[in-house]
Protein chains: 2
Amino acid sequence: MSDLPSRITITEEGPREGFQIESGAISTNRKVELINALSHTGLSAIQVCSFVNPKLVPGWADAGEVVNAIQVVDGVTYTALWFNQKGIERALQHTDKLTLAGCIHLCASEAFGISNLHRDRETNLQAMRQQTINHQSGGIAVTKISVMAAFGCNFSADVPTANVLQAVDDGFNIASEHGASINEVALADTMGWATPSRIVAVTGAVRERWPDVPIRLHLHDTRGIGISNAWAAMQLGVDRFDTTVGGLGGCPFARQPGASGNIATEELLLLAHEEGIDTGVDINALLECVALAEDIVGRQLPGALLRGGNLERYRQAARSGHGAA
Amino acid sequence: MSDLPSRITITEEGPREGFQIESGAISTNRKVELINALSHTGLSAIQVCSFVNPKLVPGWADAGEVVNAIQVVDGVTYTALWFNQKGIERALQHTDKLTLAGCIHLCASEAFGISNLHRDRETNLQAMRQQTINHQSGGIAVTKISVMAAFGCNFSADVPTANVLQAVDDGFNIASEHGASINEVALADTMGWATPSRIVAVTGAVRERWPDVPIRLHLHDTRGIGISNAWAAMQLGVDRFDTTVGGLGGCPFARQPGASGNIATEELLLLAHEEGIDTGVDINALLECVALAEDIVGRQLPGALLRGGNLERYRQAARSGHGAA
């Protein structure tokens with residue numbers, strides 16, 4: 001375990017992932033309430049919304065209103081997600097609050113891209129070239145490569161590591177063509193296929209080929225073993241993770257109603273803190289956000305820690321002579 | 001990961017752990033229905049009930065009726081739990097179906113023993129000496145040592161590894177005094193304090209001192225990181241685990257209403273199978289038991305795989321040309 005990082009950085013994606021998939025309408029005010037609460041937990045980055053087609057994702061029809069209403073906190077980076085020129089234009093209206101970074105989105109599984117983005121590999125590469133131009137025209141630096149379905153795919157099943165390397169290579173080629181400087185490669189377990197060994201194989205192969213580029217992992221807990229994947233990644237020294245408060249979100253792909261969302265922020269915090277890894281986040285404040293998120297969506301979220309109880313609370317009680325706080 | 005076992009053995013404790021804690025009354029017939037279904041999944045061991053005080057655990061007032069009604073399947077070992085002479089006597093009425101093994105129960109945290117068993121260490125040791133005599137008088141061989149709160153305690157917080165070694169040593173001393181031959185030491189994360197590093201430290205210390213005695217882990221998922229603990233244990237070569245179908249159960253200790261139960265059988269199966277570790281269990285048949293268990297208890301259980309979907313199903317669909325089965 002010698003490669004464990006001393007600190008990991010978490011990007012909280014609960015608002016963006018969660019509110020795009022919840023079935024009932026959630027008011028703008030309540031979305032803002034959660035984002036504002038998350039801003040005071042010590043998190044350094046929060047992805048607050050998606051600028052996507054409101055007909056396809058009605059949950060984010062009010063993305064602009066949400067950004068207008070949030071109260072930004074110093075030291076917190078607020079980001080958003082978009083996939084086309086229209087989204088870029090909407091995001092550009094919020095540069096007072098949002099930090100905009102252009103991303104080159106790729107699929108390690110062509111079957112996933114065809115099914116969900118309606119693009120084969122070549123069509124997507126062409127779209128990403130155009131989007132890179134669009135980003136740069138808007139003054140948005142293209143700094144990220146993100147690979148979806150990097151560990152497996154509900155449509156094509158196992159994804160060879162070579163496909164992931166090809167996708168990352170495609171991304172660097174597009175960046176190079178347009179003079180973009182990439183500072184992060186994100187590997188997304190979009191449909192929850194990762195296992196510890198796949199984390200080791202894929203992350204290791206990407207790092208071996210591009211040793212100087214930091215790797216981010218975006219892990220879903222679709223099948224309940226996401227936290228073991230995060231642990232395997234930390235043992236390799238991976239120090240950037242996307243998570244969602246309470247495990248908000250789901251798997252909008254491939255007919256999986258009710259599937260779990262991303263790995264829960266508070267569970268990754270607990271694992272990190274107990275293993276001596278700093279996160280900068282106050283786990284008790286984050287647990288208050290879990291309770292708030294459950295109140296907002298009207299259901300119990302997958303994260304277990306809210307009901308299990310933070311270990312530090314029990315330590316404090318034991319020290320004060322009152323066990324089982 | 002060179003110590004990964006080629007095969008692990010799972011003891012399914014869902015019926016015993018689950019039905020003792022569910023709030024609503026569950027009929028004897030439905031308990032039997034779940035146990036019978038579990039018997040046809042390839043599981044080699046199922047803990048079916050507790051012979052405990054029905055005033056304290058009303059959910060198991062019908063333990064005898066349940067055992068009478070289950071249909072035993074060749075190759076499956078059926079076990080039960082008890083803590084006193086009355087329990088021994090009840091268990092002895094079912095030797096036609098149950099495999100009875102005497103266990104010496106110890107606590108690595110004295111505070112836990114005082115709070116939950118109303119016994120300090122010395123009192124418990126005396127009780128275990130008497131229970132060993134009672135077992136042997138009933139013709140039940142004493143073959144197991146089980147250490148509760150082996151990784152931490154809601155009452156005393158962190159548990160030193162030395163306390164676990166002391167508890168195991170106490171167990172071997174009692175066994176030795178009574179000529180009992182121990183063939184397994186179980187370490188229980190009774191209140192969900194384990195982390196990967198604690199698994200490595202405690203399991204390693206026990207194995208170093210008693211290298212020839214197999215170690216079993218009984219892991220709870222109280223705080224959501226149980227599967228990462230199981231993965232850490234498998235990497236050490238631990239090959240015996242207690243789990244519960246769907247993650248049935250809870251944490252009856254220390255005022256944790258709604259806390260998650262044991263690690264989910266199906267999630268450990270998925271992790272094992274995907275890592276090339278044999279379990280002998282048909283994961284699809286087990287998932288049918290998860291659905292049955294949810295129907296019986298009337299709520300969604302914590303295990304994510306039922307909704308996430310077994311990966312093999314997607315592989316088969318991809319091979320047949322129909323992705324996202």
Side-chain angles (χ1 to χ4, degrees), chain A residues 1 111-112 115 152-158 191-193 195-198 200 221-232 235 247 251 253-260 264 266-267 270-271 274-276 300 302-311 314-319 323-325, chain B residues 1 111-112 115 152-158 191-193 195-198 200 221-232 235 247 251 253-260 264 266-267 270-271 274-276 300 302-311 314-319 323-325:
Chain A
M1 300 183 194
F112 173 77
S115 175
C153 171
N154 284 0
F155 301 89
S156 65
D158 297 290
M191 287 160 282
W193 280 69
T195 64
S197 291
R198 274 172 221 139
V200 170
D221 196 30
T222 315
R223 295 175 174 89
I225 64 172
I227 199 74
S228 65
N229 298 329
W231 175 240
Q235 288 180 285
C251 190
F253 313 107
R255 302 193 278 283
Q256 289 179 293
S260 291
E266 67 274 21
E267 293 176 0
L270 180 83
L271 177 59
E274 293 292 319
E275 293 290 347
Q300 184 174 315
L305 191 61
L306 181 64
R307 278 155 288 276
N310 183 17
L311 293 177
Y314 289 92
R315 287 196 184 98
Q316 286 165 13
R319 277 195 292 270
Chain B
M1 299 185 194
F112 172 77
S115 174
C153 171
N154 285 0
F155 300 90
S156 65
D158 297 290
M191 287 159 282
W193 280 69
T195 65
S197 291
R198 275 172 220 138
V200 170
D221 196 30
T222 315
R223 294 174 175 89
I225 64 172
I227 199 74
S228 65
N229 299 328
W231 175 240
Q235 287 180 286
C251 189
F253 313 107
R255 302 192 279 284
Q256 290 179 295
S260 292
E266 67 275 20
E267 292 176 0
L270 181 82
L271 177 59
E274 293 293 319
E275 293 290 348
Q300 183 174 317
L305 191 61
L306 181 63
R307 277 156 288 276
N310 183 18
L311 293 177
Y314 289 92
R315 287 197 184 98
Q316 286 166 14
R319 276 194 294 269

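The basis for the numbers below is simple: all heavy atoms, side chains too, and nothing from hydrogens, waters or symmetry mates. Below, read A as the first sequence line, B as the second, and so on, with proteins coming before strands; counting in each chain starts at 1.
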What residues, two or more places apart in sequence or in another chain, satisfy side chain to side chain contact (heavy atoms under 4.5 Å, CB included) together with B:Asn310? B:Leu270, B:Ile283, B:Asn284, B:Leu287, B:Glu312
Applying side-chain hydrogen bond (donor to acceptor under 3.5 Å, both in side chains), name anything that partners A:Thr195, two or more places apart in sequence or on another chain.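 Testing A:Thr195 for side-chain hydrogen bond (donor to acceptor under 3.5 Å, both in side chains), a comparison that skips the adjacent residues, returns B:Glu275.
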Only pairs of heavy atoms separated by less than 4.5 Å count here; which of A:Arg198, A:Arg319, A:Gln316, A:Glu266 has the most with chain B? A:Arg198
At a heavy-atom distance under 4.5 Å, which candidate from A:Gly152, A:Gly258, A:Ala230 has the highest pair count against chain B? A:Gly258
Where [X] and [Y] come nearest, the two heavy atoms and their spacing:
X: A:Ala304; Y: B:Gly224; result: CB-N, 3.7 Å
X: A:Phe155; Y: B:Ala318; result: O-CB, 3.6 Å
X: B:Leu311; Y: A:Gly192; result: CD2-O, 4.3 Å
X: B:Tyr314; Y: A:Ala157; result: O-CB, 4.3 Å

Chain A interface, residue from B:Asp221, B:Thr222, B:Asn229 that has the most non-hydrogen pairs under 4.5 Å: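 Top count of heavy-atom pairs under 4.5 Å with chain A: B:Thr222.
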Can you confirm whether B:Glu274 sits close enough to A:Arg223 that some side-chain heavy atom of one is under 4.5 Å from a side-chain heavy atom of the other?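 No. Closest side-chain heavy atoms not under 4.5 Å.
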